[in-house]
Amino acid sequence: MTSTSNLPVSGSSATSAPLTRFAPSPSGHLHVGGARTALFCWAYAKGRGGTFTLRIEDTDQKRSSDAASVGFLKDLAWLGIDWDEGPEYVGSDGRTLGGGPHGPYFQSERLGIYNGYLDQLIAGGHAYYAFDTSEALDVKRKASIAAKVPYRYDRSALQLTKDEVAIHLKTGTPAVVRCKVPSGPITIHDEILGTVTLPEGEVDDFVIRKVDGFPTYHFAVVVDDELMRVTHVLRAQEHFTNTAKHIVLQDALGFKRPTYGHLPLIFNTDGSKMSKRDKDKALRAGVTAKGMTAPPPNTIAQAQFDVWMKDKNVQLDFDVANRLADALDIVLPEINVDDFRRSGYLPSVLTNFLALNGWSAGNDLEKFDLAYIKSHFNLDRVQKTPAKFDRMKLLSFNCDAITSMPREEFVRLCRAHGKLYHPEFLGRLTDEQFAMLASASHERSKTLDELYRTNRWLVVGDDSLAWEDSKNVKKAIAEGTPRGLDRLREVKPLLESVVSWTPHEIEASIKGYADASCEGQLGKVAQPLRVAVTGGTVSPPIFDTLAILGKPSSLLRIDRCLKHFGG
RNA sequence: GGCCCUAUCGUCUAGUCCGGUCUAGGACACCUCCCUUUCACGGAGGUAACAGGGGUUCGAAUCCCCUUAGGGUCACCA
């Protein structure tokens, strides 16, 4: 059927409220770059009383999988980026996001819709069937590359007569549909980049329907943006030249052009693309540095490990990689939103920092919340140049946010983080112990995760605590007059006599000793004690450390330490 | 390679549109000192940029041109 009368009419009803959309391809994980795009789309629409729509672009059958495509919805929700329309999702707080009148929001469920418009284009002479095989096109493409000329489709299908086309169609020759791009330059109006004109011939006759019958990205985007009433398209700059194709399609279909804004890309500090490869590289480097030939227990099968080690092109999946990294104490570079969550960053800090990459509030203001971004985000202040993602600055922001929140909130967030990522650690402590640990860690924590990584001494059994073989440990134990070890022996009976094992009482006891025997220098006794009960030289303040551990464990560990370093 | 975009401290950026208030501001990082029971936090200082070259102008980080450098893109991926 070639009639278009029953197709939805182009969105001409002039409404002032903008509608933006974030349209990622399916993936289990939301990349920070995507998160930034989503954030800006969200802020632009919501700050102007508009609508933010989420659409899943799953027209590539090879990649699509329902379970994976919804994987990142939780990342968006965690960041506080709520979508008005899109896939339905019930958040941890019980709220339902998504839904809406313009669904379905998965392109794979909209196939029927695209076909109508496709017929319209073919009937109008704006598109045509082509029967070239991928192999044949590859040959031509390679020749172009070798000749250092840009590859353009040569329109050979246009040479076919009507009859030839009919026969091909009748006999079922695999066919794609290409858009017949009109001659002449194409001008794009971009709110960020300005007005840009691409010279004639830059855009060739691109495919709009693949052999498998699925629309290509370009076609689906144009149709869906129209049907979903999208007014503003904010997306990464890598899409800029695609926009020319979309404009051609919009003109051919009689659609209104949305307003465009192409956002600068985000890179690593060294200028490379932030990719999941980085994690694999870091893990490989860590494993190689440790000279490992077998994986640690409970992480990964030996066979899988061997395959991975042998072939640099093999990548472990996220869970396995994280398990291995945890076991080896390797910190992987964060790439996805969930990586940052796992590393203990606060969502409000991430959105704040993301906004700083490619946009600025002006007036030297750089700490602000989501509400501020929503009410102040504008396209005028979007940067045209790519940004390099500085994790050090992000960490500093996270630290500031943590130290300035109320202590109780930190304890609460830290516990919630642990339930998710360190259940075994949490399981070994009483609520009271954890509260003491978190309180003592509050002002020295840069992330919600730090406490779990730096206080392993607390969750090992008294009998299995091992002492670091390090310079600082030796210094604390063996140096000074008297030696640290001797001071330990002297202070032990004093600790034994502490009746109420609280930081306050412990402090009184130890300070008393320091004043009497160390000329008031607390460090002389604090460091040996720290080494004795934690095995290392870093822990919360010594009084807290002892209090959290408890009296029996503390005394037992001191005894073991005395024995270990030989009286 | 063709086409397109861009160019302020190491990094994110303010200033650029409407040239003078810029001997270029802030933040992170870095360095020094102070504080300190470890690790952190904190406090006080400091180093550090208008890519280069031509114009226009009384005057240019700001306007124009060229060079250089960086990025994007050139799929039946999105």
Side-chain angles (χ1 to χ4, degrees), chain A residues 23-26 57-60 62-63 107 130 132-134 137-138 141 144-145 147-153 174-178 188 190 192-194 196-199 201-204 206-212 214 216-218 220-221 236-242 244 262 264-265 267 269 271 353 356-367 380-381 383-397 399-400 403 441-446 450 454 472 476 507 510-511 514 518 521-527 529-531 534 536-543 545:
Chain A
S25 56
E57 314 235 311
D58 55 348
T59 55
D60 185 2
K62 290 180 216 89
R63 277 206 235 177
Q107 288 183 329
D132 316 76
T133 64
S134 313
L137 293 174
D138 275 347
R141 188 165 21 245
S144 294
I145 292 169
K148 298 203 169 186
V149 286
Y151 170 75
R152 299 281 129 81
Y153 178 62
V176 300
V177 176
R178 285 181 182 269
I188 301 166
D190 187 284
I192 294 162
L193 263 17
V196 178
T197 299
L198 264 31
E202 274 306 303
V203 179
D204 69 355
F206 54 98
V207 172
I208 56 179
R209 188 178 73 179
K210 308 181 235 181
V211 237
D212 63 9
F214 274 58
T216 60
Y217 160 75
H218 302 109
V221 159
Q237 254 171 41
E238 66 194 63
H239 284 295
F240 186 78
T241 40
N242 288 336
H262 289 90
L265 269 23
F267 293 104
T269 324
F353 187 70
L356 251 25
N357 279 255
W359 181 74
S360 75
N363 300 115
D364 293 335
L365 179 69
E366 51 179 8
K367 297 274 179 76
D380 298 345
R381 301 193 70 88
Q383 215 69 22
K384 296 181 186 175
T385 49
K388 290 171 186 164
F389 193 88
D390 184 357
R391 289 188 179 76
M392 294 301 282
K393 184 159 178 170
L394 173 67
L395 186 63
S396 166
F397 273 36
C399 178
D400 290 348
T403 49
S441 304
H442 181 209
E443 58 203 11
R444 74 197 72 249
S445 285
K446 295 189 175 187
E450 207 170 317
T454 55
N472 285 340
E507 177 172 357
I510 294 176
K511 274 230 167 102
C518 310
Q521 291 176 281
L522 204 49
K524 300 241 163 164
V525 62
Q527 275 309 80
L529 271 172
R530 197 184 311 277
V531 166
T534 70
T537 53
V538 178
S539 84
I542 191 63
F543 316 120
T545 299

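Here is the naming used below: chain letters follow the sequence lines, and residue numbers restart at 1 for every chain.
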Watson-Crick or G-U wobble partner for [N], using a 3.5 Å limit on both distances?
| N | result |
| --- | --- |
| B:G19 | none |
| B:A14 | none |
| B:C33 | B:G43 |
| B:C74 | B:G1 |
| B:A24 | none |
| B:A69 | B:U6 |

What is the nucleic acid contact for [X], judged by heavy atoms within less than 4.0 Å: base, sugar-phosphate only, or nothing?
| X | answer |
| --- | --- |
| A:T537 | base |
| A:S134 | base |
| A:V207 | sugar-phosphate |
| A:R152 | base |
| A:D132 | base |
| A:R391 | nothing |
| A:G201 | nothing |
| A:H262 | nothing |
| A:V211 | base |

Rounded distance in Å between the [atom1] positions of [N] and [M]:
| N | M | atom1 | answer |
| --- | --- | --- | --- |
| B:U13 | B:G45 | C1' | 23 Å |
| B:G20 | B:A61 | P | 10 Å |
| B:C65 | B:C74 | C1' | 29 Å |
| B:C12 | B:G70 | P | 16 Å |
| B:C64 | B:G71 | C1' | 24 Å |
| B:A44 | B:C35 | P | 15 Å |
| B:A78 | B:U73 | C1' | 14 Å |
| B:C63 | B:U56 | C1' | 8 Å |

Mark yes or no for whether [X], through its side chain, and [Y], through its backbone, hold a donor-acceptor pair below 3.5 Å.
| X | Y | answer |
| --- | --- | --- |
| A:N472 | A:T537 | no |
| A:Q527 | A:G523 | no |
| A:T269 | A:K388 | no |
| A:R530 | A:T545 | no |

Respond yes when some side-chain nitrogen or oxygen of [X] is under 4.0 Å from OP1 or OP2 of [N], and no when none is.
| X | N | answer |
| --- | --- | --- |
| A:K384 | B:C4 | no |
| A:R178 | B:C76 | yes |
| A:K148 | B:G1 | no |
| A:S360 | B:A14 | yes |

Start at the 5' end of RNA chain B and walk down; is the nucleotide closest to A:R381 or to A:E202 reached first?
A:E202

Residue met sooner reading RNA chain B from 5', once A:L356 and A:V538 are mapped to nucleotides:
A:L356

Among residues at least two apart in sequence or on other chains, which ones pass ring pair (Phe, Tyr, Trp, His ring centres under 6.0 Å) with A:Y153?
none

Does [X] reach the side chain of [Y], with side-chain heavy atoms less than 4.5 Å apart?
| X | Y | answer |
| --- | --- | --- |
| A:F353 | A:E366 | no |
| A:H262 | A:E238 | no |
| A:H239 | A:Y217 | yes |

Whole angstrom is fine here: how far is it from [atom1] in [X] over to [atom2] in [N]?
| X | N | atom1 | atom2 | answer |
| --- | --- | --- | --- | --- |
| A:Q107 | B:C77 | CD | P | 13 Å |
| A:D190 | B:U6 | CG | C1' | 13 Å |
| A:Q383 | B:C17 | CD | P | 16 Å |
| A:D380 | B:A14 | CG | P | 12 Å |
| A:K388 | B:A49 | NZ | P | 17 Å |
| A:D60 | B:C77 | CG | P | 6 Å |
| A:E443 | B:G43 | CD | P | 14 Å |
| A:I208 | B:A78 | CD1 | C1' | 16 Å |

Applying salt bridge (charged side-chain N to carboxylate O under 4.0 Å, His left out), can you list everything that pairs with A:K511, at least two apart in sequence or on another chain?
A:E507

Partners of A:K367 by salt bridge (charged side-chain N to carboxylate O under 4.0 Å, His left out), sequence neighbours excluded?
A:D400

Assigned glycosidic conformation for B:C41 [threshold 90° from 0]:
syn

Does either side chain, that of A:T534 or that of A:S539, offer a donor lying less than 3.5 Å from an acceptor on the other one?
no

5' to 3', nucleotides 23-37 of chain B under a 4.0 Å protein heavy-atom cut-off (B base, S sugar-phosphate only, - none) gives --BBBBS-------B

For every nucleotide of nucleotides 64-73 of chain B, 5' to 3': is a protein heavy atom under 4.0 Å from its base (B), only from its sugar-phosphate (S), or from neither (-)?
-------SSS

Report yes if a donor N or O on one partner sits less than 3.5 Å from an acceptor N or O on the other, where the partners are the side chain of A:R444 and the base of B:C39; otherwise report no.
yes

Look at the side chain of A:L193 and decide which nucleotide, out of B:A75, B:C5, B:A78, has an atom nearest to it.
B:C5

Applying side-chain contact (heavy atoms from CB on, under 4.5 Å), name anything that partners A:V207, two or more places apart in sequence or on another chain.
A:V176, A:R178, A:T216

List the atom of A:A526, the atom of A:I542, and the distance in Å for their closest heavy-atom pair.
O-CD1, 3.8 Å

